Number of protein chains: 2
Amino acid sequence: MAETQPRLLADDIGFLLSRAGGMVLGAVNKALVPLGLKVRSYSVLVLACEDSAGVNQRSVAATMGLDPSQIVGLIDELEERGLVARTPDPADRRNRLIAATEEGHRVRDEAQELVDQAHSAYFGDLPAEVVAQLRETLGRIVFP
Amino acid sequence: MAETQPRLLADDIGFLLSRAGGMVLGAVNKALVPLGLKVRSYSVLVLACEDSAGVNQRSVAATMGLDPSQIVGLIDELEERGLVARTPDPADRRNRLIAATEEGHRVRDEAQELVDQAHSAYFGDLPAEVVAQLRETLGRIVFP
DNA sequence: TATTGTTATACTCTATAACTATA
DNA sequence: TATAGTTATAGAGTATAACAATA
């Protein structure tokens with residue numbers, strides 16, 4: 001029951017997780033500045049690239065853990081830049097399918113390089129198997 | 001070089017880390033509502049409990065990754081509730097040492113129980129060694 | 001001159017509710 | 001009536017600069 005005794009903040013796994021998440025988020029945001037993207041808009045772009053038929057905004061919001069209302073502005077911005085397109089879903093006209101344009105795919109590839117560079121500052125010194133284990137554990141937490 | 005090829009957002013370790021951090025942060029914030037605390041104020045309280053001589057606000061800010069100006073309000077609140085006290089540092093009167101009161105220690109103990117309960121929803125299903133490995137890896141990222 | 005704590009302010013992000021169009 | 005997308009808005013959090021007191 002070590003967890004129920006007084007514990008240093010530096011040993012608190014929730015603190016460590018939030019702090020590490022915030023550090024990486026901030027670093028990736030900085031890395032994406034040259035492309036005029038942030039983690040949020042980059043994430044939407046990546047999801048739009050994953051399905052050529054397009055994803056609806058509700059599922060984007062769910063994956064990112066945001067309210068659907070927050071997705072609207074992100075897509076507006078990407079659409080104005082010609083990186084994604086909203087197309088009405090013929091099967092259900094309430095849906096609007098978000099798909100990446102060719103330019104969107106190009107920008108996404110560039111962005112991922114910048115993201116990977118930023119990641120390497122945090123994960124680059126860790127053994128590959130430790131990073132793999134970290135990814136797997138986080139995956140189980142985020143998508144149980 | 002798998003990291004430089006198109007990758008699903010769900011496999012992006014930075015995304016997973018930020019997302020998991022946000023999830024746990026939100027859950028712990030909710031868990032602390034009954035005590036009138038948030039993760040931020042709880043973290044300050046924990047740090048104030050760690051050193052009976054008191055910690056200065058600069059080091060609190062550094063540990064939490066915040067600007068010192070953001071610490072002021074957190075401590076104001078804890079001080080008004082009688083959970084911590086600001087005492088001038090005799091050795092350097094620019095410093096104000098933040099130490100927890102007896103009541104502060106009591107509240108901290110209660111709070112940690114709530115925090116641990118919230119954590120168990122995310123980490124409770126993982127094998128103990130996986131959690132230990134996660135804590136160690138995150139520690140290396142946060143405090144390199 | 002440099003550092004600690006503080007205040008002020010502008011900016012971004014977040015949460016919530018309400019509206020429209022479709023089903 | 002229920003759902004997808006949208007708009008509006010108030011509140012919380014963030015970043016930055018400036019200031020007084022002390023070193």
Side-chain angles (χ1 to χ4, degrees), chain A residues 18-19 21-30 32-33 36-44 47-48 51 53-80 84-99, chain B residues 18-19 21-30 32-33 36-44 47-48 51 53-80 84-99:
Chain A
S18 306
R19 185 90 168 76
M23 288 167 65
V24 173
L25 188 74
V28 174
N29 268 331
K30 275 192 186 173
L32 288 173
V33 166
L37 293 171
K38 296 188 177 183
V39 167
R40 286 281 170 82
S41 42
Y42 167 72
S43 299
V44 172
L47 290 172
D51 188 342
V55 286
N56 74 32
Q57 302 185 195
R58 226 77 187 182
S59 76
V60 170
T63 303
M64 294 177 58
L66 298 176
D67 190 272
S69 65
Q70 295 180 247
I71 304 297
V72 178
L74 295 173
I75 295 178
D76 284 349
E77 197 187 305
L78 293 172
E79 196 175 35
E80 278 166 29
V84 304
R86 282 181 170 99
T87 60
D89 181 353
D92 181 343
R93 289 197 327 198
R94 291 175 302 183
N95 282 353
R96 312 183 67 179
L97 299 175
I98 314 305
Chain B
S18 307
R19 185 91 169 75
M23 289 167 66
V24 173
L25 188 74
V28 175
N29 269 331
K30 275 192 185 172
L32 288 173
V33 166
L37 293 172
K38 297 188 176 180
V39 167
R40 287 281 171 82
S41 43
Y42 167 72
S43 299
V44 172
L47 289 173
D51 188 343
V55 285
N56 75 30
Q57 301 185 196
R58 224 78 186 181
S59 76
V60 170
T63 303
M64 294 177 58
L66 299 176
D67 190 272
S69 65
Q70 294 180 248
I71 305 298
V72 178
L74 295 173
I75 295 177
D76 284 349
E77 197 187 305
L78 293 172
E79 195 175 35
E80 277 164 30
V84 304
R86 282 181 171 99
T87 59
D89 181 354
D92 181 343
R93 290 195 326 198
R94 289 175 304 185
N95 282 354
R96 312 184 67 178
L97 299 175
I98 314 305

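Owing to the predicted nature of the structure, the values given are computational and were not obtained by experimental measurement. Throughout, a chain's letter reflects where its sequence line sits, starting with A, and its residues are numbered from 1.
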Could you pull out all donor-acceptor pairs under 3.5 Å where a side-chain atom in residues 60-70 of chain A meets a protein atom, sequence neighbours excluded?
unit_1, atom_1, unit_2, atom_2, d
T63(A), OG1, S59(A), O, 3.0
D67(A), OD1, S69(A), N, 3.0
D67(A), OD1, S69(A), OG, 2.8

Can you tell me the distance, in whole Å, between the CG atom of N56(A) and the C1' atom of dT3(D)?
-> 11 Å
Sequence neighbours left out, what passes side-chain hydrogen bond (donor to acceptor under 3.5 Å, both in side chains) with E79(A)? Give chain and number order.
-> R86(A)
In whole angstrom, what separates L74(B)'s CG from dT7(C)'s C1'?
-> 15 Å
Does R96(B) have a side-chain nitrogen or oxygen under 4.0 Å from the phosphate oxygens OP1 or OP2 of dG5(C)?
-> no
What is the per-nucleotide protein-contact pattern of nucleotides 10-23 of chain D, from the 5' end, where B denotes a base atom under 4.0 Å from a protein heavy atom, S denotes such proximity for sugar-phosphate atoms only, and - denotes neither?
-> --SSS-B-----BS
Nearest whole angstrom, please: distance from the C1' of dT7(C) to the CD1 of I75(B).
-> 15 Å
Which whole-number value in Å describes the distance from D76(A) CG to dA8(D) P?
-> 12 Å
Examine distances only and state if a side-chain atom of N29(B) and a backbone atom of V39(B) form a donor-acceptor pair shorter than 3.5 Å.
-> yes
So how far is it from T87(A) OG1 to N95(A) CG, rounded to the nearest 0.5 Å?
-> 10.0 Å
Any side-chain heavy atom of L78(A) sitting closer than 4.5 Å to one from V44(A)?
-> yes
How far apart are the closest heavy atoms of N56(A) and L97(A), and which atoms are they?
-> N-CD2, 4.2 Å
Ignoring backbone atoms, establish whether R86(B) has a side-chain N or O less than 4.0 Å from OP1 or OP2 of dT4(C).
-> no
Mind calculating the distance between CD (Q57(B)) and P (dG5(C)) to the nearest angstrom?
-> 5 Å
N95(A) has an atom CG; how far is it from atom C1' of dG5(D), in whole Å?
-> 9 Å
